[in-house]
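Quick note: residue numbers are just sequence positions, from 1.
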Amino acid sequence: MNTDAAPGWLPSYLVPFFVLSYPVPPPENPDSFPNSKYYTNGPLDACIIITAIAVMAVLRDFTRLFIMEPFARWKLTQDLKKTRAAARANGKANGNGYANGNGNGHASHANGLVISKQEARKMQRSVIRFAEQGWSVVYYTAQWFFGVYIHRNVPTHMLDPINVWHGYPHTPLAGPIKFYYLLQNAFYMHQVLIINAEARRKDHWQMMTHHVITVVLMVSSYCYDFTRIGCLIMVLMDLCDIFLPMAKMQRYLGYSTACDVTFVMFLVSWFVTRHVLFVFAIKATWDSWYVVPRVWDPSRGYYMTKEFFWGFLTMLVTLQIIQLIWFWMVCRVAYRVVTGQGAEDTRSDDEDDNESDAKKND
């Protein structure tokens, strides 16, 4: 327990929830973060993960309810006003009357604008989806820059990642690396909770499988000191996750061209990071068989036994297979962009058929 770094008024039993645990003296010649504090890992690290999950839940709801939803509702209302005004002007120019309403009844008034039930339902759906994707853009952008900062301060290279295994085990951990790892663990555990709490999407089980494998990989790599390869993989994965929700946000606001451009950026970044650079990382893990001694000695941080090697490599390959399936789905969307049909992600944007049936019966 790191009581020295905690404020004096904080009860000792709450210290692990707010301060990194297990501080140790820094190594004599650290190859990363020479001015940082250093830590080992242990069970109390779960306390920081719990705190991070709670903070993320609050930040997600605050961002969604007080920033993203009000902005999207305002923007869509303004667009609807402009559409109505243009239609009215066009009707007058042609000598036609302009009927206000479409026979479905009126659901509400938005800033003096009367909107039908169908329009209100469509707008609310877009507002909610826009807000959900907005949090993803905020998180992945911040975490990707954090990951780049980590990557620039450790002696690893994306194009030749075998050096992530040189000098194994990389213990103790610099404070920024430990905090980065625990934040990423917290985020994906939070995602598991979210996808089971919200309405199920078409790819619920693929997403669930992906998140579970990701959590297992992150927890195991953290506990067994595979942190250099873990940091590299996480910064690779986060980049394209910025562009897809950004493209969806643009689509919900009606910016079709911007959506298509951003989707192409997503497609390119996905292929480069997840099917080129990530394959390099898998190859480096395969080559670690010849670099890392297969020794079980927890007192010195050695956990690379034959069983752990094959288990870790198998999960990486499984993750790549899932991403290849998703990439095939993404390519279908790319085909629609090329043929002028516009980008619409088929992976997870729509809920299950139960919700669709409910809407039909509404």
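Linking Ile, Leu, Val, Met, Phe, Trp and Tyr whenever their side-chain heavy atoms come within less than 4.5 Å leaves Ile128 and Trp135 in two separate clusters. Criterion: ILVMFWY side-chain heavy atoms under 4.5 Å apart, direct or through other members. Under it, Leu217 and Val279 are not part of a common hydrophobic cluster. Hydrophobic cluster membership differs between Leu324 and Val276, with clusters built from Ile, Leu, Val, Met, Phe, Trp and Tyr side chains linked at under 4.5 angstrom.
Less than 6.0 angstrom separates the ring centroid of Phe146 from the ring centroid of Tyr180. Between Tyr252 and Phe130, the gap from one ring centroid to the other reaches at least 6.0 Å. In this structure, the ring of Phe263 has its center no less than 6.0 angstrom from the ring center of Phe243. Aromatic pair Phe309/Tyr303: centroids not less than 6.0 angstrom apart.
Residues Val138 and Ile67 are not in side-chain contact: their nearest non-hydrogen atoms beyond the backbone lie 4.5 Å or more apart. In this structure, Thr83 and Gln78 have side chains that are not in contact, with every pair of non-hydrogen atoms separated by 4.5 Å or more. Within the 4.5 Å cutoff, the side chain of Val295 has no heavy atoms near those of the Met304 side chain. Between Thr141 and Trp144, every side-chain heavy-atom pair lies at or beyond the 4.5 Å cut-off. Side-chain contact between Met123 and Leu80: present, with at least one pair of heavy atoms (C-beta onward) separated by less than 4.5 Å. Counting heavy atoms from C-beta on, the side chains of Met249 and Met68 come closer than 4.5 Å. Side-chain contact between Met208 and Asn196 is present, with at least one heavy-atom pair separated by less than 4.5 Å. You'll find the side chain of Val154 stays beyond 4.5 Å of the side chain of Cys231, heavy atoms only.
Phe33 CZ to Leu173 CG: the interatomic distance, rounded to the nearest 0.5 Å, is 11.0 Å. With rounding to the nearest 0.5 Å, the separation of CD1 in Ile162 from OG1 in Thr156 is 12.0 Å. To the nearest 0.5 Å, the span separating CG on Leu316 from CD1 on Ile229 amounts to 7.0 Å. Atom CG of Asn163 and atom CG of Leu232 lie 9.0 Å apart (nearest 0.5 Å). Residue Lys81 holds its NZ atom at 13.0 Å from CG of Leu76, rounded to the nearest 0.5 Å. To the nearest 0.5 Å, atom CD1 of residue Ile233 and atom CE of residue Met158 are 11.5 Å apart.
Closest non-hydrogen pair, Pro176 versus Tyr149, comes out as CB-CE2, 4.3 Å. Residues Leu319 and Ile213 come closest through the heavy atom pair CD1-CG2, 4.3 Å. The two residues Tyr38 and Pro172 have their closest heavy-atom pair at CD2-O, 3.5 Å. Between Val215 and Asn185 the shortest heavy-atom distance is O-OD1, 4.2 Å. Residues Ala52 and Leu183 share a closest heavy-atom pair of CB-CD2, 4.0 Å. Shown here for Val216 and Ser220, the closest heavy-atom pair between the two residues is O-OG, 2.7 Å.
When only modelled atom types and interatomic distance are considered, Tyr168 and Ser288 share no side-chain donor-acceptor pair under 3.5 Å. A side-chain donor from one of Arg73 and Gln124 sits under 3.5 Å from a side-chain acceptor of the other. Donor-acceptor pairing under 3.5 Å is lacking for the side chains of Asp241 and Tyr139. A donor atom on one side chain and an acceptor atom on the other are found under 3.5 Å apart for Asp238 and Gln184. Side-chain polar atoms of Gln320 and His275 form a donor-acceptor pair below 3.5 angstrom.
Counting only distance, with no hydrogens or angles, the side chain of Arg274 and the backbone of Met237 share a donor-acceptor pair below 3.5 Å. With hydrogens and angles disregarded, no donor-acceptor distance shorter than 3.5 Å links the side chain of Thr227 to the backbone of Gly230. A distance-only check finds a donor-acceptor pair linking the side chain of Tyr22 to the backbone of Leu44 [under 3.5 Å]. A donor-acceptor pair under 3.5 Å is formed between the side chain of Glu119 and the backbone N or O of Ser116. Side-chain N or O atoms of Asp45 include none that pairs as donor or acceptor with a backbone N or O of Asn41 at under 3.5 Å. Between the side chain of Asp160 and the backbone N or O of His157, no donor-acceptor pair lies under 3.5 Å. Using a distance-only test at 3.5 Å, with no hydrogens or angles considered, a donor-acceptor pair links the side chain of Ser221 to the main chain of Met218. Side-chain atoms of Lys178 come within 3.5 Å of backbone N or O of Thr40 as a donor-acceptor pair. No side-chain donor-acceptor contact under 3.5 Å links Ser21 to the backbone of Pro16.
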Can you list, pair by pair, the side-chain donor-acceptor contacts under 3.5 Å of residues 55-64, counting residues two or more places apart and other chains?
residue, atom, partner, partner atom, Å
Arg60, NH2, Glu198, OE2, 2.7
Asp61, OD1, Arg64, NH2, 3.0
Thr63, OG1, Leu59, O, 2.7
Arg64, NH1, Glu69, OE2, 3.3

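By the 30° and 60° cut-offs, the orientation of the rings of Trp165 relative to Phe312 is perpendicular. Ring orientation note: the planes of Trp326 and His210 are tilted relative to one another, at an angle of 30° to 60°.
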Item to check | Criterion salt bridge (charged side-chain N to carboxylate O under 4.0 Å, His left out) on Arg300 and Asp225, from CA distance to verdict | outcome: CA-CA 11 Å; Arg300 295 191 297 146; Asp225 299 330; over 6 Å; no

Item to check | Stepwise side-chain contact (heavy atoms from CB on, under 4.5 Å) check, Gln118 with Lys122 | outcome: CA-CA 6 Å; Gln118 183 178 2; Lys122 181 179 179 181; 5.6 Å; no

Item to check | Full working for side-chain contact (heavy atoms from CB on, under 4.5 Å) between Thr285 and Phe226 | outcome: CA-CA 10 Å; Thr285 303; Phe226 303 163; over 6 Å; no

Item to check | From CA spacing to verdict: side-chain contact (heavy atoms from CB on, under 4.5 Å), Phe278, Thr273 | outcome: CA-CA 6 Å; Phe278 183 48; Thr273 58; over 6 Å; no

Item to check | Derivation and outcome, side-chain contact (heavy atoms from CB on, under 4.5 Å), residues Gln133 and Val137 | outcome: CA-CA 6 Å; Gln133 301 304 322; Val137 171; 5.5 Å; no

Checklist entry - Which is it for Asp31 and Arg228 under the salt bridge (charged side-chain N to carboxylate O under 4.0 Å, His left out) test, yes or no, and what are the steps along the way? => result CA-CA 12 Å; Asp31 62 358; Arg228 291 279 171 92; 2.9 Å; yes

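Crowding of Phe179 atom CZ: a count of heavy atoms from other residues, nucleotides or ligands under 6.0 Å not exceeding 12. Enclosure of atom CH2 in Trp296 by more than 12 non-hydrogen atoms of other residues, nucleotides or ligands within 6.0 angstrom is indicated. No more than 12 heavy atoms of other residues, nucleotides or ligands shown are found within 6.0 angstrom of CZ on Phe271.
Judged by a 6.0 Å distance limit and a 45° cone about the ring axis, Arg294 is positioned over the six-membered ring of Trp289.
Using a cut-off of 4.0 Å between Lys/Arg side-chain N and Asp/Glu carboxylate O, Asp260 and Arg251 are scored as not salt-bridged.
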